[in-house]
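Keep in mind that the numbers below use all heavy atoms, side chains included, and drop hydrogens, waters and symmetry copies. In what follows, chains are A, B, ... by sequence order, proteins preceding strands, each numbered from 1.
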Amino acid sequence: MRTHEAGSLRAEHAGQTVTLTGWVARRRDHGGVIFIDLRDASGVVQVVFREGEMADRAHRLRSEFCLKIVGTVEIRPEGNENAEIPTGAVEITTSDLEVLNESAPLPFPLDEHVEAGEEIRLRHRYLDLRRSGPARALRMRSEVNRIARTVLHANDFVEIETPTLTRSTPEGARDFLVPARLQPGSWYALPQSPQLFKQLLMVGGMERYYQIARCYRDEDFRADRQPEFTQLDIEMSFVDQDDVIALGEQVISALWKELADHEIALPIPRISYADAMARYGSDKPDLRFEVELTELTEYFAETPFRVFQAPYVGCVVMPGGASQPRKKLDAWQEWAKQRGAKGLAYVLVTEDGTLGGPIAKNLSDAEREGLAKAAGANPGDCVFFAAGQPNDARALLGAARVEIAHRCGLIDEDAWAFAWVVDFPLFEATDQIGDDVAVGSGKWTALHHAFTSPTPDSIDTFEQDPGAAKAYAYDMVCNGNEIGGGSIRIHRADVQKRVFEVMGLTEEESQEKFGFLLDAFKYGAPPHGGIAYGWDRICMLLAKADSLRDVIAFPKSGGGFDPLTSAPAQITPQQRKEAGVDFKPKPVEPKGEAAS
RNA sequence: GCUCACGUGGCCUAGCGGUGAGGGCACCGCAUUGUCAAUGCGGAGAUCGCGGGUUCGAAUCCCGCCGUGAGCGCCA
């Protein structure tokens with residue numbers, strides 16, 4: 001329909017007759033001369049209508065009318081250039097105008113300068129996407145896919161699709177369920193990830209698999225969480241941890257090089273889980289700033305202060321924090337309570353080196369004496385303490401660390417800090433977590449997932465001390481976000497059974513849930529491992545967006561609601577009947593059959 | 001499930017115990033020959049999220065509900 005794209009026109013096109021299509025971005029009507037900013041996917045160009053019939057017809061144009069125009073490219077009169085836009089040197093003098101489609105008045109302005117609420121924008125996402133910001137985010141996401149595919153194809157990977165109507169996968173989240181009409185009472189689960197399928201593909205000899213895979217988890221919302229989300233899912237045979245990590249680095253460095261103009265220094269540094277927790281109070285530390293936790297359990301071993309008579313005492317220093325007004329220090333208490341802590345003890349280091357704050361008087365003289373040095377605090381700093389179980393206290397301090405960095409402006413927003421977190425524990429005690437979704441019923445559950453291999457050091461001994469067993473697992477972290485994670489998998493049925501046993505999964509249960517996988521392992525399953533990248537989150541980081549919603553074409557809002565289609569929706573009684581959602585199982589039924 | 005914040009014409013927003021609920025954008029009409037977030041004049045458009053309460057009087061204070069967002073729990 002068109003000869004050129006609006007945003008592509010430059011001074012060198014002057015004199016050419018062009019046909020353009022696009023939308024009315026803005027109209028500036030001066031009576032005898034009317035300017036239209038015509039927008040298509042490539043950008044915007046100014047179209048001029050002068051007196052007579054053209055001006056009369058242009059007068060009736062409104063925002064977002066869809067047009068086809070024929071005109072000549074002309075250099076703008078001297079002094080009228082617009083340096084703000086790429087096409088600002090030229091304008092189109094129109095000889096023909098066709099309105100392809102009119103537009104109803106807009107529900108919200110598609111103005112680059114005015115910000116409309118998210119709810120209304122998502123309800124009319126097709127309009128929101130005409131704006132340059134949202135459009136750019138989706139185009140960038142397409143590039144993210146392209147670059148990853150290029151890297152993976154260069155490494156001989158095979159792109160394979162796996163089912164979305166399947167059986168529950170053991171990722172630990174709640175499943176989305178789909179009733180099976182042909183088998184009333186039986187349900188499909190949407191995959192939380194293609195985990196088991198990709199392992200089966202390794203058994204199937206595909207050796208190098210990847211997929212940009214949609215995953216589904218029925219959990220509550222966050223700004224960085226959606227009920228359906230995308231992973232770049234990768235699995236490789238005959239590899240160890242270093243091979244997967246090297247491949248993962250190739251993908252990520254290609255993305256950041258092309259899309260963020262950032263050369264990631266390879267190899268990406270590694271930090272052990274234990275180190276990350278001890279120093280940053282997080283398994284996804286933000287390494288863009290220096291502040292670290294200091295453990296003071298030893299220091300307070302003989303403390304008279306009862307709160308610090310705990311299995312773990314640690315602190316984090318807020319530079320310059322001693323000058324915070326009382327109100328701000330109280331706000332920190334509120335902040336800590338929000339996180340389920342009792343409070344956040346603090347000590348202020350005054351300029352003369354003495355200690356202030358409510359708990360200082362509870363400490364012994366000796367403790368007060370050496371505290372600033374032990375905590376690494378300088379005069380004028382504020383020291384926050386947490387005491388209790390190591391995990392809880394460190395998590396609180398880790399969160400405080402991030403909060404301090406924000407409040408003190410310690411974060412360089414242009415920085416990219418990558419790291420691998422490695423040497424995860426294989427198991428996690430179930431009394432530390434709500435075990436309603438844990439696989440199995442034992443005292444231990446998998447920290448990563450149930451198919452993660454113990455490291456070679458732990459593989460023979462993990463039953464004796466499950467808490468000490470290390471997993472062959474790794475997470476990639478960027479600026480405090482976990483952007484990917486993976487592991488070397490168990491490929492032997494006997495090891496898999498032993499792991500299930502530690503997790504309290506009986507032979508019968510594991511056979512019933514994962515029998516197909518255990519069966520597959522009987523037939524010479526190769527050693528394999530892989531990684532999955534949180535694709536939405538990576539796109540969000542690359543786009544410098546605040547929310548996952550910005551990099552998803554049609555995102556859900558809170559509560560899993562789609563503002564555009566109003567899904568989820570009620571179903572008709574007929575659908576209800578056919579779907580068999582009200583099927584009541586017979587009271588007594590012998591076990592067996594494929595259905596569960 | 002918990003905590004906090006917000007909900008005022010289509011959009012953005014002011015008002016925080018007595019107002020004719022004010023403004024900007026959009027919309028309709030008129031004017032307008034160099035703008036680029038054009039401009040000027042005129043017009044229409046609001047049960048102030050819903051329900052209850054306090055008060056002589058509520059958009060404004062209180063309670064409940066709904067919706068949205070952020071955080072926690074949960075979730076890699």
Side-chain angles (χ1 to χ4, degrees), chain A residues 25-38 44-52 55 59-60 62-64 76-85 87-88 91 103-124 127 171-175 192-193 195 215-227 229 231 283-284 334-341 395-396 399 403 421 424 433-438 446-449 452 473-477 481-487 531-534 537 546-547 549 557-559 561 563:
Chain A
R26 200 172 287 282
R27 178 181 60 116
R28 292 176 294 276
D29 186 345
H30 295 249
V33 57
I34 296 171
F35 303 100
I36 297 286
D37 290 339
L38 187 76
V44 169
V45 70
Q46 174 162 283
V47 177
V48 188
F49 299 85
R50 287 185 224 283
E51 56 233 276
H59 183 68
R60 287 193 294 275
R62 291 293 181 273
S63 283
E64 300 308 315
R76 290 197 190 186
E78 183 142 10
N80 284 308
E81 303 84 1
N82 184 353
E84 307 272 304
I85 56 172
T87 60
E91 59 191 14
S103 170
L106 299 170
F108 64 94
L110 303 191
D111 199 301
E112 302 294 333
H113 313 269
V114 183
E115 205 48 53
E118 190 171 54
E119 208 184 341
I120 188 78
R121 289 194 290 114
L122 292 183
R123 191 151 71 233
H124 304 274
L127 293 177
E171 229 73 9
R174 208 172 284 114
D175 286 316
Q192 294 178 32
S193 76
Q195 182 61 37
C215 308
Y216 306 86
R217 293 179 190 170
D218 188 6
E219 293 294 339
D220 286 359
F221 280 68
R222 285 297 144 75
D224 63 351
R225 223 188 281 164
Q226 285 270 312
F229 61 97
Q231 290 185 340
D283 62 356
K284 44 177 178 169
E334 279 311 304
W335 174 89
K337 281 178 189 153
Q338 265 286 162
R339 244 145 273 259
L396 180 64
E403 189 67 22
V421 178
F424 282 83
I433 57 168
D435 65 349
D436 53 321
V437 293
L447 185 74
H448 203 83
H449 58 58
T452 301
Y474 30 85
D475 277 0
M476 189 187 266
V477 168
N481 299 279
E482 187 216 313
I483 59 172
S487 60
I531 187 166
Y533 280 106
R537 207 168 288 183
D546 299 319
S547 166
R549 290 172 218 125
S557 73
F561 182 72

Kindly say if [X] contacts the phosphate of [N], meaning a side-chain N or O under 4.0 Å from OP1 or OP2.
{"X": "A:Arg549", "N": "B:A70", "answer": "yes"}
{"X": "A:Arg62", "N": "B:C28", "answer": "yes"}
{"X": "A:Arg28", "N": "B:U33", "answer": "no"}

Can you measure [X] atom [atom1] to [N] atom [atom2] for me and round it to whole angstrom units?
{"X": "A:Asp37", "N": "B:C36", "atom1": "CG", "atom2": "C1'", "value": "6 Å"}
{"X": "A:Arg60", "N": "B:C27", "atom1": "CZ", "atom2": "C1'", "value": "17 Å"}
{"X": "A:Arg174", "N": "B:A76", "atom1": "CZ", "atom2": "C1'", "value": "15 Å"}
{"X": "A:Phe108", "N": "B:C27", "atom1": "CZ", "atom2": "P", "value": "14 Å"}
{"X": "A:His113", "N": "B:A26", "atom1": "NE2", "atom2": "C1'", "value": "15 Å"}
{"X": "A:Arg225", "N": "B:G69", "atom1": "CZ", "atom2": "P", "value": "14 Å"}
{"X": "A:Glu64", "N": "B:C25", "atom1": "CD", "atom2": "C1'", "value": "15 Å"}
{"X": "A:Glu334", "N": "B:C72", "atom1": "CD", "atom2": "C1'", "value": "13 Å"}

Considering only side-chain heavy atoms of [X], which listed nucleotide, [options], is closest?
{"X": "A:Arg217", "options": "B:U35, B:C75, B:G71", "answer": "B:C75"}
{"X": "A:Glu219", "options": "B:A76, B:G34, B:C75", "answer": "B:C75"}
{"X": "A:Glu482", "options": "B:A76, B:C11, B:U33", "answer": "B:A76"}
{"X": "A:Asp220", "options": "B:C11, B:G73, B:C36", "answer": "B:G73"}
{"X": "A:Arg76", "options": "B:A76, B:U35, B:C72", "answer": "B:U35"}

What does [N] pair with, Watson-Crick or G-U, if both distances are under 3.5 Å?
{"N": "B:A31", "result": "B:U39"}
{"N": "B:G1", "result": "B:C72"}
{"N": "B:U47", "result": "none"}
{"N": "B:A26", "result": "none"}
{"N": "B:C6", "result": "B:G67"}
{"N": "B:C56", "result": "B:G18"}

Under 4.0 Å between any heavy atoms, over every strand shown, what does [X] touch: base, sugar-phosphate, or nothing? Just pick one.
{"X": "A:Glu91", "result": "base"}
{"X": "A:Glu115", "result": "sugar-phosphate"}
{"X": "A:His59", "result": "base"}
{"X": "A:Gly117", "result": "sugar-phosphate"}
{"X": "A:Ser557", "result": "sugar-phosphate"}

A:Tyr474 side chain to A:Gly485 backbone, donor-acceptor under 3.5 Å: no
A:Arg27 side chain to A:His59 backbone, donor-acceptor under 3.5 Å: yes
Aromatic plane relationship, A:Phe108 with A:His124 - under 30° parallel, 30 to 60° tilted, over 60° perpendicular: tilted
Residues A:Glu219, A:Arg225; criterion salt bridge (charged side-chain N to carboxylate O under 4.0 Å, His left out); working and verdict: CA-CA 9 Å; A:Glu219 293 294 339; A:Arg225 223 188 281 164; 6.0 Å; no
